[in-house]
Amino acid sequence: MGALSSLSPFLRAHPLAPVHPRLLRPTNPTAKPLLLSSLVVHCAAATEAERPGPPPLPPPRLVRCPALDRQAARASRLRFARKLLTLLLSKPRHFLPLRVLRRCRRFLGLPRRGRPLIPMVLRYPTLFRLFQAPTSLPLSPSLSTLAVGLTPAVEALAADLATLRATSAGADALSDKIHRLLRMTPRRSIPVNRLAHIAPDLGLAMDFRATLCPRHPDLFALVHTSYGHALQLADPPPPPPPPLPPLRPAAPPDRLIDRPRRFPHLPLRRGLNLRRAHRDYLLRFHSLPEVSPFEPLDENASLEMLERRACAVVREVLAMTVEKRTLVDHLTHFRKDFGLPNRLRALLVRHPELFYVSVKGVRHSVFLVEAFDDDGRLLVEDKMLVGGDRLEELVREGKRMRRARKKGVLAFDGDSDEDEYNKEVEKEGLLEVDDEFGDLFEDGIIGDDWEQVGDEGGSEVDEEHDAESDAMEEFWVKKAVAEGLVDNELDVW
């Protein structure tokens, strides 16, 4: 205690601080010198290479946006109707026999067993209808004679959309989208089966190979490759287009004096708060030079520049979609074509100032943040949105028809609400991971006509349909006939 009291007041106040050797001298000359072997003075300065870099970015949190989640949930509820509508519109006569349609159960998102197809078709009476094929023999309605077609309202809607695509402005806009997609690939080509995954989101018809591609030979051409049909950029290639302009208009300055900010500013959507480390990372990210999505980077480019180009590519693809959103799974199909990272979803979540990932529905959706306001409304609406709006109106009208039928006659078991079915599917996990349009292109189901579908074409042809499943479908056929929901004959045949 006497030795410690002989130290200077600074050392007594800060016993663990690095001290100059002169301060270790005792103030009392008669006291013995204190030897503190535990105190070591490091005078060597750390070199530049030994200095630690920025701290690693913690896993970002997914902050929900209720306005965009509602849009994702509404689109997820209509996934069966949209898929079946796209499948029927891909046929010249807009119908498919029920025996052929049963092979597309996985594409439609239905499990192999336990969920009949006919009640799902009858769930949308304003979109689809069942009819019996005329035969030489007067056969009763069965699985081998029934077919699924479109209602006159949907036929009129499809005709309006086809007219809108056939106009000069519509065809030029669609061809410009394909041109931009081809320019973002290093090989300047995209397989048709991969492009079919995102074709409905871009506003393309499923027969774009025959209707759109031959009209623009100066931009791209359909070629045969070792991996199937592909769209390839024309030779010589046209000049690269500029990136799409920002969709959000410049906000007026909310400050009294319009002058440069003293600190960097990161615009975020309303209600989004980020951690300090995440915010600093995004500020450093946006301080990097701009990167064009149509030009490849050097081989020795840094990881930050590679991520900046990946964000530019995803932003360009989302800006070309009709609803400014798509499924995350659709983007993963283009990882090799666009040079995107393997952990694409983590990249999207890491940049909430650019994208928003919604977990509502069976499959996750990604939105372009700059295309929506704080209430979830689109700032710039595409002309093709009229098709989605009219489709939702027809679905609501079909629900009113089912409610009216329940009040008048015996309740039809297949008329349960769509929301209840979605909750049941998410709870029991009955919905399978559905194949997309690319697999149907390869299987031959989307072709010139349904007669081209052979017994060896599909991926589910070899699947054994047990007697129980066939008996269940036959039961629903008889029930639909008894309810008067099957037409005898249509002009399509």
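Below, all heavy atoms of this structure are taken into account, side chains as well, without hydrogens, waters or symmetry copies. By convention here, the first residue in the shown sequence is residue 1.
Looking at Leu88 and Leu84, their side chains come closer than 4.5 Å, going by heavy atoms from C-beta outward. Considering only heavy atoms from C-beta on, His179 comes within 4.5 Å of Leu233 through its side chain. Met184 is listed as a side-chain neighbour of Val317, based on a closest heavy-atom distance under 4.5 Å. In this structure, Asp207 and Ser90 have side chains that are not in contact, with every pair of non-hydrogen atoms separated by 4.5 Å or more. Annotation: side chain of Leu108 is in contact with side chain of Leu117 (closest heavy-atom distance under 4.5 Å).
In this structure, a donor-acceptor pair under 3.5 Å is present between the side chains of Arg79 and Ser76. With no hydrogens or angles considered, no side-chain donor-acceptor pair links Arg209 and His229 at under 3.5 Å.
Checked against the 6.0 Å centroid threshold, Phe285 and His351 count as a close aromatic pair.
Counted within 6.0 Å of CZ on Arg343, heavy atoms from surrounding residues, nucleotides or ligands total 12 or fewer; the atom is thus considered open. Within 6.0 Å of CG on Asp375 lie more than 12 heavy atoms contributed by other residues, nucleotides or ligands.
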Does Asp201 form a side-chain hydrogen bond (donor to acceptor under 3.5 Å, both in side chains) with Thr321? I'd like the steps, not just the answer.
CA-CA 5 Å; Asp201 296 337; Thr321 57; over 6 Å; no
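The CG atom of Asn342 sits 10.5 Å away from atom OG1 of Thr332, with the distance rounded to the nearest 0.5 Å. For the atom pair NE2 of His330 and CZ of Arg325, the computed distance is 10.0 Å after rounding to the nearest 0.5 Å. Here CG of Leu368 is found 8.0 Å from CG of Leu354. Values are rounded to the nearest 0.5 Å.
Using cut-offs of 30° and 60° for the angle between ring planes, the Tyr124 and Phe128 rings count as perpendicular. Between Phe367 and Phe372, the angle of the ring planes goes over 60°, which puts this pair in the perpendicular group of the 30/60° scheme.
In this view, Arg64 and Asp69, Tyr356, Val359, Lys360 satisfy the side chain to side chain contact (heavy atoms under 4.5 Å, CB included) rule, not counting sequence neighbours. Residues forming a side chain to side chain contact (heavy atoms under 4.5 Å, CB included) with Ala310 (at least two apart in sequence, or on another chain): Leu340, Pro341, Leu347.
Salt bridge annotation for Glu370-Lys324: absent, with no cationic side-chain nitrogen under 4.0 angstrom from a carboxylate oxygen.
Between the side chain of Ser365 and the backbone N or O of Ser358 there is no donor-acceptor pair closer than 3.5 Å.
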